[in-house]
Amino acid sequence: MIKTKGLVKVYRTDEVETTALNEVDVEIKQGEFVSIMGPSGCGKSTLLNILGLIDNPSGGEYHFLDHEVSNYSERQRSNLRKNNIGFIFQSFNLIDELTVFENVELPLIYTKVGSKERKERVDEVLEKMNMMHRRNHFPQQLSGGQQQRVAVARAIVNNPKLILADEPTGNLDSSNGDDVMKTLVHLNQEGATILMVTHSQYCAEFGNRIIRMLDGQVVTENVVQQYL
Amino acid sequence: MSRVLPDYTGHLIHAIQHIMLKNNLKLAIRHLQNSKTSTLINVFGLALGLAAAFFIWQYIRMENSYDQFHDKADRIYRMTLKFYGQGRLEGHDAMNVAPLGPALAEDFPEVESYVRFTPEYGRTVFKYGDQQYEEEKMYYADSTLFEVFDFPLIEGDRKTCLTRPFTTLLTESVAERYFGPRASWTESPVGKVIRVNNRGDLEVTGILEDVPENSHLKFNMLVSFNTFLVTNGDPTQQWGWNDFFTFVLLRENVDPAAFAAKLPDFNKKRFVEKTEGFYSEAVMQPLLDIHLNSKLGYEAEPNGDGNTVYFLFLIGIVVVIVAWVNYINLATARAEERAREVGVRKVIGANQGTLVAQFLTEAFLVNLVAILLAVCLVQLGQPAMDTLVGKTMPSIFAGPTVWWLLPTLLLAGTVLSGLYPAFFLATFSPAKTLKGEKQRRGKGVLRKGLVTFQYAVSVALIIGTVVIFLQLRYMKNQDLGFALDQQLIINAPTSLDSDSVYRAHYQSFKMALNNIPEIEQIGASSAIPGKKYLDIDAHGGIRMMSADKEKNVTFKGFVMDEGFLEVFGMELLAGRNFSDEMSTDKDAIILTESALPMLELEDPESAIGKTVNYQGSPRSIVGVVADYHHRSLQHAYEPMILRNSGSNYLYFSLGLAADNATEVSTLIGKVEQTWSRFFPNNPFNYFFLDDHFNEQYIADQRLGNIIAIFSSLAILIACLGLFGLASYMVTVRTKEIGIRKVLGASTAGLVGLLSRDFLLLVGIAILIASPLAWWLMDTWLENFAYRIHIQWWVFALTGLVALSIAFFTVSLQSVKAALANPIDSLKSE
């Protein structure tokens with residue numbers, strides 16, 4: 001599903017040139033649950049952004065679903081993204097002016113799903129996330145765990161092939177964090193490919209493979225012993 | 001931005017498709033509710049700006065609508081008259097000679113019809129039954145009036161109503177004075193007979209609607225031209241008597257330029273050049289050009305000024321742009337706050353088009369509410385604005401224009417104010433915004449430029465206002481060359497049988513008034529400074545007795561008695577005043593100083609005793625007076641010849657004692673009593689000269705008021721924007737302020753820090769606006785023969801005021817932030 005070869009990302013400011021990714025080769029197959037770990041600044045979020053098609057690499061190749069996408073325009077990336085990828089963030093990133101229902105509905109509007117089907121699918125996914133009773137609330141009226149459940153619901157409402165999660169438990173207490181991780185595992189079991197960035201070894205081990213990064217390079221990859 | 005420009009049209013179409021999406025609308029409403037301050041600033045500022053623009057639009061529409069109500073307006077031309085003396089152009093008058101119209105009709109098949117108007121110069125007192133009033137603006141007009149013009153006739157026959165002598169059309173208001181309210185007329189006034197000046201009769205042959213406000217020619221009654229021929233002499237063969245407004249109607253499909261090209265030959269043939277170098281020519285002027293573009297001699301009414309109208313148009317547009325700029329500035333300034341939202345939406349699948357559509361929806365809503373509010377403001381402010389401009393302007397809903405103007409403004413406002421912020425926001429990179437990275441884009445150069453623009457406009461308008469009022473003050477405080485205060489002027493009587501009776505009554509009246517101690521001097525004349533310019537006459541064919549015919553010149557002048565110079569306190573430079581005692585003085589004249597060089601006289605002393613050939617009759621110069629301002633200071637001194645006469649007066653002037661303690665009404669009561677003893681059949685109409693003279697400045701005073709209002713609005717709107725920007729900047733820098741305070745920064749230092757950037761922009765604005773305003777206002781001042789020169793302190797003062805206002809506006813926010821407890825701001829992070 002995902003294959004990169006010599007992926008490079010360089011940030012330039014007026015005087016400083018920072019290499020965030022340095023010749024990164026990764027491959028992720030359909031159905032995998034991969035965790036990316038590493039210290040702050042190692043390039044893991046940059047890698048996630050590039051793999052999630054919200055940023056372009058400075059060099060190297062990136063094949064996503066058999067498309068070579070490293071030179072895609074924002075518009076092309078946007079089209080590929082909205083039909084295939086769901087995002088979950090550490091800070092939830094819900095839109096404050098929209099209700100729970102409307103936040104989850106948004107990806108369906110952008111993929112031009114009809115209003116009747118939208119309602120059905122949003123209700124279905126909210127049911128699944130156990131958020132039906134809060135469907136007309138605004139994000140500020142919810143707890144952190146509830147907000148992240150809404151964010152997950154929004155990420156999966158389009159049935160994406162790939163779910164990208166950037167420290168999804170970073171802002172949650174351990175019990176809410178566990179809930180989110182279990183949800184991800186469940187989604188993985190239902191067939192979704194998941195790629196997660198995390199600081200926590202505990203969370204990382206919910207996946208079946210861990211990629212460790214340091215200074216913009218992949219240092220080790222090991223398979224997790226499944227205990228769930 | 002450059003990256004998105006090639007995609008511009010695509011995005012726009014996409015945006016329009018999305019703009020009305022329910023989701024966008026809902027989101028826009030919620031977003032606007034959440035940012036109340038900036039929404040209020042935007043809506044209120046835009047509404048003020050738009051209301052100002054609507055008012056200006058109404059005014060311009062009013063000014064542009066002059067004479068449009070005539071069906072054939074575009075085929076009607078006024079024939080004006082240029083006259084040359086010694087081969088050079090001596091003048092260009094609005095009035096022409098009486099035989100011109102018939103001659104044009106005879107010579108040119110292109111002329112479908114013509115009509116002439118000539119004003120009655122004397123006093124007209126109408127009497128019907130017990131009702132007796134002095135009437136103004138009476139014109140004589142040809143019976144062809146309705147072939148050319150479409151003044152609405154309520155009663156009477158368009159073809160025949162002006163054919164017979166001693167017939168008249170009355171306007172509705174005049175008719176109602178004599179016949180009561182129109183609704184209560186049981187029989188038509190047509191056929192009734194009105195007594196004029198107790199001397200003759202006029203039969204009413206028709207009733208006209210009151211002449212519309214937007215007619216360059218205003219009259220209260222039209223008497224048949226044939227009446228003029230009987231009462232005032234026959235001008236129909238006189239090619240030098242130019243008292244006649246002449247309008248020609250060209251046939252359909254006649255090319256006006258081709259017609260105009262034939263006029264030089266016509267002029268040569270018809271205006272015979274009796275003396276070498278002295279000749280006249282008729283010139284065509286489109287009817288629709290008269291109100292805004294004609295400033296000839298002897299215009300029927302003071303016309304409007306095209307430049308002023310275009311200038312106001314510019315101000316209107318600029319004020320709206322200043323308001324739109326607020327939207328752009330506040331929207332882009334708040335972009336940081338919305339960056340995360342943009343990022344999320346993009347990640348979820350929104351493309352630029354959908355985002356642009358969403359931000360445009362917000363702009364659309366703000367503009368919509370502002371337009372509705374502006375319409376309400378205009379409706380509420382209409383009476384005040386009518387007073388301000390001195391005209392009843394049509395409602396903004398009059399006519400179909402408003403129904404495309406409002407949607408156009410809405411669309412233009414949405415696109416102009418919303419498009420840049422929309423693209424600015426929509427092109428944020430999601431990867432960066434989600435990481436919380438700031439979007440650095442040229443350090444807000446555009447925003448700074450726009451703030452500078454807003455203040456430059458405001459400063460320029462304030463300078464304009466100050467200069468206009470300084471010029472007005474200058475004109476009002478200038479020495480006019482005569483006494484303006486304490487002058488009570490009475491309209492002279494009309495209905496006296498002969499000159500000798502008139503003279504006798506006037507002398508007795510004068511003696512009786514001498515018994516009223518508050519009245520110091522009494523004079524009589526046919527013209528008064530500042531009063532109707534048409535009262536002054538112009539006579540050509542004047543030269544020194546010894547000079548050749550080629551030396552003939554034209555002079556303005558009027559008649560007066562011996563009291564006039566005293567009442568008006570005019571300074572005699574040489575010679576003496578007229579005297580009633582000297583019978584030879586009926587042929588005496590007094591010159592104003594500037595008339596001397598025109599007669600090749602060297603100085604006042606040497607002029608005394610010389611004889612002037614005044615259109616063939618000898619007139620002896622008995623005195624020379626200092627020049628004085630007969631008209632406002634917009635005009636230069638005019639060389640004049642003052643003539644002595646015992647009658648034909650239009651005004652009696654009473655000089656009142658400066659220190660009298662008598663109530664004005666008591667004094668006027670006494671004068672009126674005396675008046676009715678000597679002139680029982682004449683209405684008593686009076687005015688004070690100073691009031692009247694200053695009315696000449698009303699147009700400029702109004703322009704000053706209008707610009708004052710719009711400059712206040714512009715600066716208010718700009719300040720609203722600055723307030724919004726400042727409050728936003730303070731929010732963004734809360735943490736920095738906290739840290740600085742912890743480190744020991746003083747409140748004053750912090751206020752300075754926060755205000756400095758804004759004040760710098762205002763400073764730059766002042767530097768840009770000052771030379772521009774100087775150039776514009778210097779051009780305006782060139783309209784005045786007597787004008788101020790703009791001093792440096794005008795710019796310094798305006799700059800100081802603008803800086804103070806800006807500093808105060810920013811301080812409202814910065815002081816609050818600087819005084820806040822630093823821990824609060826640091827904890828909030």
Side-chain angles (χ1 to χ4, degrees), chain A residues 9 11 13-14 20 45-57 73-99 102-113 115 118 138-140 151 154-155 157-158 160 164 166, chain B residues 3-4 6-7 10-11 14 17-18 21-36 39 334 337-359 361-362 365 423 426-438 440 442-443:
Chain A
K9 180 69 182 179
Y11 289 111
T13 59
D14 292 343
S45 290
T46 306
L47 179 62
L48 194 75
N49 284 340
I50 292 173
L51 297 184
L53 298 173
I54 51 182
D55 207 352
N56 263 344
S73 70
E74 161 65 18
R75 171 168 289 227
Q76 289 169 306
R77 281 186 278 136
S78 170
N79 279 331
L80 209 50
R81 193 165 66 212
K82 66 185 174 194
N83 290 311
N84 298 296
I85 306 177
F87 285 86
I88 302 166
F89 304 95
Q90 174 179 1
S91 50
F92 324 135
N93 279 337
L94 298 175
I95 293 174
D96 292 341
E97 279 92 9
L98 296 181
T99 63
E102 289 160 353
N103 263 289
V104 177
E105 185 190 23
L106 212 50
L108 298 176
I109 293 176
Y110 292 137
T111 47
K112 301 199 165 59
V113 175
S115 86
R118 282 207 305 268
F138 284 93
Q140 296 97 319
R154 188 177 63 182
V157 69
N158 245 347
L164 297 181
D166 192 352
Chain B
R3 201 162 56 80
V4 300
D7 263 353
H11 283 316
H14 205 86
Q17 285 172 347
H18 276 75
L21 274 189
K22 206 178 79 194
N23 185 58
N24 278 340
L25 208 58
K26 186 167 62 187
L27 193 70
I29 290 172
R30 289 190 197 150
H31 181 79
L32 294 175
Q33 279 173 343
N34 281 349
S35 42
K36 286 199 182 63
T39 305
R334 303 185 68 84
E337 275 176 26
R338 307 196 67 178
R340 196 182 59 102
E341 178 196 332
V342 171
V344 175
R345 285 173 172 276
K346 281 197 161 181
V347 164
I348 291 171
N351 57 30
Q352 275 184 22
T354 48
L355 287 169
V356 166
Q358 196 213 311
F359 295 125
T361 309
E362 282 169 28
L365 273 182
F423 274 110
T427 52
F428 277 180
S429 145
K432 288 183 187 167
T433 54
L434 290 175
K435 259 195 268 176
E437 232 176 78
K438 291 198 171 170
R440 272 195 283 159
K443 294 168 185 165

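In this structure S35(B) satisfies the side chain to side chain donor-acceptor pair (under 3.5 Å) test with no other residue, sequence neighbours excluded. Every salt bridge (charged side-chain N to carboxylate O under 4.0 Å, His left out) that K9(A) has, sequence neighbours left out, goes to D55(A).
Residue contact with chain B, scored on non-hydrogen atoms closer than 4.5 Å, involves the backbone of L94(A) exclusively. For E105(A), no part sits under 4.5 Å from any heavy atom of chain B, backbone or side chain. Using a 4.5 Å cut-off between heavy atoms, R154(A) contacts chain B through its side chain alone, with no backbone atom that close. With a threshold of 4.5 angstrom between heavy atoms, S91(A) approaches chain B through N, CA, C or O but not through any side-chain atom. Residue S73(A): no heavy atom, backbone or side chain, is found under 4.5 Å from chain B. V344(B) touches chain A through its side chain: at least one heavy atom from C-beta onward sits under 4.5 Å away, while N, CA, C and O do not.
R345(B) places no side-chain N or O within donor-acceptor distance of the main-chain N or O of I95(A), the cut-off being under 3.5 Å. Between the side chain of N158(A) and the main chain of K82(A), a donor-acceptor pair closer than 3.5 Å is present.
Taking CG from D166(A) and CG from N49(A), the interatomic distance works out to 7.0 Å, rounded to the nearest 0.5 Å.
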